[in-house]
Amino acid sequence: MTAPASFDVAIIGAGAAGLMCALTAAQRGRRVLLLEHGEQAGAKILISGGGRCNFTNRDAASERFLSANPHFCKSALSRYTQRDFIALVEKHGIAYHEKTLGQLFCDGSARQIVAMLLAECAAGQVDIRLQHRVTDVSKGERFHIESPQGGAFEAESLVLATGGLSIPKMGATDFAHRMARRFDLAVTELRPGLVPLKAAGDDLALMQPLSGLSFDAVAACGKRSFREAALFTHRGLSGPAILQISSYWRDGEALLLDALPGLDLAALLKDRRRSRHKAELKTILSELLPGRFVLALIEGGLANPLMAALSDAQIARIEDRLKRWRFVPSGTEGYAKAEVTLGGIDTAELSSKTMESRKVPGLYAIGEAVDVTGWLGGYNFQWAWSSGWCAGQAA
Ligand code: FDA
């Protein structure tokens, strides 16, 4: 029997976090093996940001991440910052732009980010093995890694970088969570995040015909709110404002939607009651919102009087409908549509500086596999870069 191929560091999962960890460790002189069961490295990077990869956010800060321990991500985010990643992008001559809210995208293609990471891995002579599914890991003196395609490998350090459960058809697995439990590390509750929300009953009847229509909104859940675009879908609501709030929403809770943010609607309607008294309500509302949306509200039971006949009580009802729209989603669209997985390997198990397990020396976990989840807008890749870099410095 041939002896297993031996490395200093074995990383499982060639996504954003695994690639960053690999290039960092290899450029320190470590012999690095990177195992990936997919046909290509960085598959989610390639489809991200509509093919342009929203690779970081200028405003990345710990308050924009969810975790049972909101302080955990601070150390990694400050050791390898968005500015460090931007410097790497600039070193490779990749042109980029800020789209909105600090979100940085490639001018060209997400392929440039993957090519950059692979070039940095090549500079460190990382041994990347694609189409190598890891089925089992154990620890004796060293870590022993089993892959049916590649046989066995051994390494001094092992990094779990297999991400979360989102988009199973792209190869997402629960491998990191399973291996964590195997090594007696706790895993927090898992649920889909940055995910479209479903409607039922009257809400669905209103929303379904409006599928494809977007509007500026504030979506609030408890004390948290986001002002961005919302989008009707044939199942309910999506769009950035809804994806953001979905990470804070729990089954059964109501969202409050303001479809006319920043507008004093009551004052405006009272003004139009004087100045446009012959106009129908729907004409006035159509100047503020997409016409189809207004028609659907009227068909859904909103009266359509002439402005002159509009009572204060009706104005209050319209305000309730449009600025304090109480929507109880019937559920989320699940991991098939979720951009991320909330929860993961419990941060209490890991060093916030190095991502190394406190219980199992030499075992590391990084990226989405860990219970740290960012907002929409480049935050999740920044977490992958930061946590990957920290583990790469130590493993
Ligand atoms: P990631 O999932 O990227 O990588 C894990 C790798 O492990 C995969 O390649 C998988 O195939 C492999 N693997 C799993 N099990 C294995 C096993 N048993 N053996 C071997 N390999 C295994 N974020 C952001 O900041 N900006 C953006 O623009 C977007 N856009 C976006 C679009 C879409 C459609 C999605 C689904 C997600 C985003 N995201 C995003 C989120 C972002 O893609 C995500 O947070 C990171 O990719 C997480 O990086 P990881 O390396 O942790 O996991």
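Note that ligands are numbered from 1 as they come in the structure, with each ligand's atoms numbered from 1 the same way. Just so you know, residue 1 is the first one in the sequence shown, and it goes up from there.
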Task: Nearest neighbour in protein (non-hydrogen) for atom 44 (C) of ligand 1 - done: Glu368 OE1, 3.1 Å
Task: N/O separation below 3.5 Å, Gly49 to ligand 1 - done: yes
Task: Shortest protein contact, atom 42 (C) of ligand 1 (heavy atom only) - done: Phe381 CE2, 3.6 Å
TODO: Indicate yes or no: does Glu339 engage Lys44 in a salt bridge with an N to O separation below 4.0 Å.
DONE: no
Task: For atom 33 (C) of ligand 1, the protein heavy atom that lies nearest, with its residue and separation - done: Glu339 CG, 3.5 Å
Open item on the list: Among all the protein's non-hydrogen atoms, which is closest to atom 36 (C) of ligand 1, and how far away is it?
Closed with: Ile167 CG1, 3.4 Å
Open item on the list: Does only the side chain of Trp383 get under 4.0 Å from ligand 1, or the backbone, or both, or neither? Count heavy atoms.
Closed with: neither
Open item on the list: Contact between ligand 1 and His132 is defined here as a heavy atom of the residue under 4.0 Å from a ligand atom; is it met?
Closed with: yes
- [ ] Pull out every atom of ligand 1 sitting under 4.0 Å from any heavy atom of Phe175, numbered as shown with elements.
- [x] 18 (N)
Task: Gly367: numbered ligand 1 atoms lying under 4.0 Å from its heavy atoms - done: 52 (O)
Open item on the list: Just to confirm my output: which protein heavy-atom neighbour is closest to atom 4 (O) of ligand 1, and how far is it?
Closed with: Gly15 CA, 3.3 Å
TODO: Check the angle between the aromatic planes of Phe381 and Trp385 and answer parallel, tilted or perpendicular using the 30° and 60° thresholds.
DONE: parallel
Open item on the list: Please determine whether a side-chain nitrogen of the Lys or Arg among Asp258 and Arg324 lies less than 4.0 Å from a carboxylate oxygen of the Asp or Glu.
Closed with: no
TODO: Decide side chain to side chain contact (heavy atoms under 4.5 Å, CB included) for Leu295 and Lys282; before the verdict, give the C-alpha distance in whole Å, the side-chain angles of both, and the deciding distance to 0.1 Å.
DONE: CA-CA 7 Å; Leu295 278 180; Lys282 81 172 179 205; 4.1 Å; yes
TODO: From atom 5 (C) of ligand 1, work out which of Ala338, Cys21, Ser48, Ala161 has a heavy atom at the shortest distance.
DONE: Ala161
- [ ] Please confirm whether Ala384 comes within less than 3.5 Å of ligand 1 when only nitrogen or oxygen atoms on both sides are compared.
- [x] no
Open item on the list: Under a 4.0 angstrom heavy-atom cut-off, which atoms of ligand 1 come close to Gly378?
Closed with: 24 (C), 25 (O), 26 (N)
- [ ] Evaluate the ring planes of Phe85 and Phe55, with Trp represented by its six-membered ring, and classify them as parallel (under 30°), tilted (30 to 60°) or perpendicular (over 60°).
- [x] tilted
Open item on the list: Please give me the minimum heavy-atom distance between Glu333 and Lys198, naming the atom from each residue.
Closed with: CG-CG, 3.7 Å
Open item on the list: Quick check on contacts: which atoms of ligand 1 are under 4.0 angstrom from a heavy atom of Asn54?
Closed with: 24 (C), 25 (O), 26 (N), 27 (C), 28 (O)
Open item on the list: Tell me whether Ala16 has any N or O atom under 3.5 angstrom from an N or O of ligand 1.
Closed with: yes
Task: Atom pair CG (Asp371) and OG1 (Thr341), whose distance is rounded to the nearest 0.5 Å - done: 11.0 Å
Open item on the list: Can you report which non-hydrogen protein atom sits closest to atom 53 (O) of ligand 1, along with the distance?
Closed with: Gly163 CA, 3.5 Å
Open item on the list: As a quick check of understanding, evaluate side chain to side chain contact (heavy atoms under 4.5 Å, CB included) for Arg182 and Asp136, giving each step before the final call.
Closed with: CA-CA 10 Å; Arg182 161 85 59 85; Asp136 203 11; 2.7 Å; yes
Open item on the list: Among Glu36, Met20, Gln382, Gln40, which one puts a heavy atom closest to atom 8 (C) of ligand 1?
Closed with: Glu36
- [ ] Give a yes or no answer on whether the side chain of Ser247 reaches the backbone of Leu194 with a donor-acceptor pair at less than 3.5 Å.
- [x] yes
Task: Donor + acceptor pair across side chains of Arg142, Ser6 (<3.5 Å) - done: yes
Open item on the list: If the cut-off is 4.0 Å to any non-hydrogen atom of Ala17, which atoms of ligand 1 fall inside it?
Closed with: 51 (O), 52 (O)
Task: Pairing of Arg129 and Glu36 as salt bridge, 4.0 angstrom limit - done: no
Open item on the list: Under 4.0 Å from a heavy atom of Tyr379: which atoms of ligand 1 are those, numbered in the order shown and with their elements?
Closed with: 25 (O)
Task: Residue, atom name and distance, where the atom is the protein heavy atom closest to atom 22 (C) of ligand 1 - done: His37 CD2, 3.4 Å
- [ ] List the closest protein heavy-atom neighbour of atom 15 (N) of ligand 1: residue, atom name, distance to the nearest 0.1 Å.
- [x] Thr173 OG1, 2.7 Å
Open item on the list: If we only consider heavy atoms of Ala43, is any one of them less than 4.0 Å away from an atom in ligand 1?
Closed with: no
TODO: Please indicate whether any nitrogen or oxygen in Ile47 is less than 3.5 Å from any nitrogen or oxygen in ligand 1.
DONE: no
Task: Those atoms of ligand 1 less than 4.0 Å from some heavy atom in Asn380 - done: 23 (N), 25 (O), 45 (O)
Task: Mutual orientation of the aromatic rings belonging to Tyr248 and Phe226 [parallel < 30°, tilted 30-60°, perpendicular > 60°] - done: tilted
Open item on the list: Classify the ring geometry of Phe7 against Phe153: parallel below 30°, tilted from 30° to 60°, perpendicular beyond 60°.
Closed with: tilted
Open item on the list: Between Arg58 and Glu98 (salt bridge meaning N to carboxylate O under 4.0 Å), is one present in this structure?
Closed with: yes
